[in-house]
Q: 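Dropping a structure here in structure tokens format, bear with me for questions.
Each chain gets a letter, A, B and so on, in the order the sequences are listed, and its residues count up from 1.
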Amino acid sequence: TQLLEQSPQFLSIQEGENLTVYCNSSSVFSSLQWYRQEPGEGPVLLVTVVTGGEVKKLKRLTFQFGDARKDSSLHITAAQPGDTGLYLCAGADKETSGSRLTFGEGTQLTVNP
Amino acid sequence: KAGVTQTPRYLIKTRGQQVTLSCSPISGHRSVSWYQQTPGQGLQFLFEYFSETQRNKGNFPGRFSGRQFSNSRSEMNVSTLELGDSALYLCASSLLRGRAQYFGPGTRLTVL
């Protein structure tokens, strides 16, 4: 069974601070996706990373896929209250043609004004 | 382009009943996956359908089943409901197998 460990589980910071969320596994994934989820809604896809060592930027968010495709990080620069939400990483299972996602436990981010 | 839609959004059932949830994928998407989200277990994979065939199944009892129609719409069924089945059931669609998955808003099921 593939597992994804996400840390930290909770993060409360002030507006303008930077933060990093980590997603680690002992398994290799064919790709890794990051989602953000608001209460009572489904997860919204932020980015998909496929290549080991890949770095993608989405405005103030920077996503990195580890060289061995076992870990990933999400860095937010100058966080804003609108960034508040549950951040989830999800690895695509190579053995199931990438169709089965294994999710981390999530990081609940609160950005205080 | 419309996103993934799920109906109903909220459902209350009692133990022993059965329930059917519906999912309409993004137009053109052919793969549909279902997930269960609970506070204790997080998001867990239920099953995946592609071309009307179940391609993958998660570690859930046989009470959980599903199907996909020729227009890619999917339904999941839970029979003999238990209290522990209370959860947010999420459907996700992707263009093809292994591509990025886009989630619907979910169906909140409460079993009393």
Side-chain angles (χ1 to χ4, degrees), chain A residues 1-10 21 23-25 27-51 54 56 58 63 65 69 72 85-108, chain B residues 3-10 21 23-26 29-51 53-60 68 74 87-110:
Chain A
T1 303
Q2 295 183 311
L3 294 173
L4 265 175
E5 294 184 352
Q6 200 172 329
S7 62
Q9 192 175 354
F10 297 95
V21 177
C23 187
N24 296 296
S25 176
S27 304
V28 176
F29 293 101
S30 60
S31 67
L32 199 135
Q33 301 172 27
W34 284 92
Y35 292 86
R36 185 177 128 198
Q37 186 178 22
E38 303 285 348
E41 297 295 328
V44 174
L45 180 66
L46 296 174
V47 77
T48 300
V49 285
V50 178
T51 306
E54 183 176 4
K56 281 191 174 179
L58 185 67
F63 304 86
F65 202 14
R69 304 210 317 274
S72 181
L86 178 68
Y87 289 82
L88 295 156
C89 63
D93 188 335
K94 195 174 184 179
E95 281 71 38
T96 61
S97 303
S99 302
R100 175 179 180 149
L101 293 181
T102 297
F103 279 84
E105 306 96 324
T107 295
Q108 182 61 55
Chain B
V4 178
T5 58
Q6 292 186 245
T7 55
R9 289 293 310 274
Y10 302 92
L21 312 181
C23 171
S24 293
I26 293 171
H29 283 199
R30 295 173 57 194
S31 176
V32 174
S33 298
W34 289 88
Y35 294 83
Q36 181 196 64
Q37 186 175 28
T38 59
Q41 299 297 318
L43 268 142
Q44 292 187 294
F45 173 80
L46 279 158
F47 26 65
E48 179 222 354
Y49 286 88
F50 181 79
S51 293
T53 302
Q54 186 181 93
R55 303 294 178 145
N56 285 297
K57 182 169 168 57
N59 190 25
F60 281 83
Q68 186 180 35
S74 177
L88 181 66
Y89 289 89
L90 294 159
C91 165
S93 76
S94 60
L95 189 63
L96 294 170
R97 301 188 71 209
R99 296 291 183 91
Q101 295 186 25
Y102 297 86
F103 283 81
T107 294
R108 171 71 63 185
L109 172 65
T110 302

Q: Determine whether a donor-acceptor pair (N or O, by modelled atom type, separation under 3.5 Å) exists between the side chain of A/T107 and the backbone of A/P8.
A: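 A pair under 3.5 Å: yes.
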Q: With no hydrogens and no angle check, is any side-chain donor or acceptor of B/E48 less than 3.5 Å from a backbone partner on B/R97?
A: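 Not a single qualifying donor-acceptor pair exists.
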Q: Return the CG to CZ distance between B/N56 and B/F50, rounded to the nearest 0.5 Å.
A: 12.0 Å
Q: Residue by residue, which of residues 101-109 of chain B have a heavy atom closer than 4.5 Å to a heavy atom belonging to chain A?
A: B/Q101, B/Y102, B/F103, B/G104, B/P105
Q: Let's go through A/L58 and A/W34 carefully: what are the C-alpha distance in whole Å and the side-chain angles of both, what is the deciding distance for side chain to side chain contact (heavy atoms under 4.5 Å, CB included) to 0.1 Å, and is it a yes or a no?
A: CA-CA 12 Å; A/L58 185 67; A/W34 284 92; over 6 Å; no
Q: How would you list, by chain and number, every residue that makes a side chain to side chain contact (heavy atoms under 4.5 Å, CB included) with B/Q54, sequence neighbours excluded?
A: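 Only B/F47, B/Y49, B/K57 meet the side chain to side chain contact (heavy atoms under 4.5 Å, CB included) criterion with B/Q54.
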Q: Ignoring hydrogens and geometry, is there a side-chain-to-backbone donor-acceptor pair from B/Q68 to B/R30 under 3.5 Å?
A: yes
Q: For the pair A/Q6 (side chain) and A/G106 (backbone), establish whether a donor and an acceptor sit closer than 3.5 Å, ignoring hydrogens and angles.
A: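 Yes: the side chain of A/Q6 pairs with the backbone of A/G106.
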Q: Distance from B/T110 atom OG1 to B/Y10 atom OH, nearest 0.5 Å?
A: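 Output value for this atom pair is 10.0 Å.
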Q: Under 4.5 Å, heavy atom to heavy atom: which of residues 31-44 of chain B reach chain A? Give them by number, or say none.
A: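 From residues 31-44 of chain B, the residues near chain A are B/S33, B/Y35, B/Q37, B/L43.
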Q: Rounded to the nearest 0.5 Å, how far does CZ of B/F45 lie from OG of A/S99?
A: 7.5 Å
Q: Judged by atom type as modelled, is there a donor-acceptor pair below 3.5 Å linking the side chain of A/S25 to the main-chain atoms of A/S27?
A: yes
Q: For B/S93 and B/I26, which heavy atoms make the closest approach, and how far apart are they?
A: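 Taking B/S93 first and B/I26 second, the nearest heavy atoms are OG-N, 3.3 Å.
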Q: I need the contact set between residues 37-47 of chain A and chain B: heavy-atom distance under 4.5 Å, sorted by residue number.
A: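 Only A/Q37, A/G40, A/E41, A/G42, A/P43, A/L45 of residues 37-47 of chain A have a heavy atom under 4.5 Å from chain B.
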Q: Between A/G91 and A/L4, what is the shortest heavy-atom contact and its length?
A: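 Residues A/G91 and A/L4, closest heavy atoms: N-CD1, 3.3 Å.
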Q: Select one option (side chain, backbone, both, neither) describing which atoms of B/R55 are under 4.5 Å from chain A's heavy atoms.
A: neither
Q: B/Q6 vs B/L21, test: side chain to side chain contact (heavy atoms under 4.5 Å, CB included). Steps then yes/no.
A: CA-CA 8 Å; B/Q6 292 186 245; B/L21 312 181; 5.9 Å; no
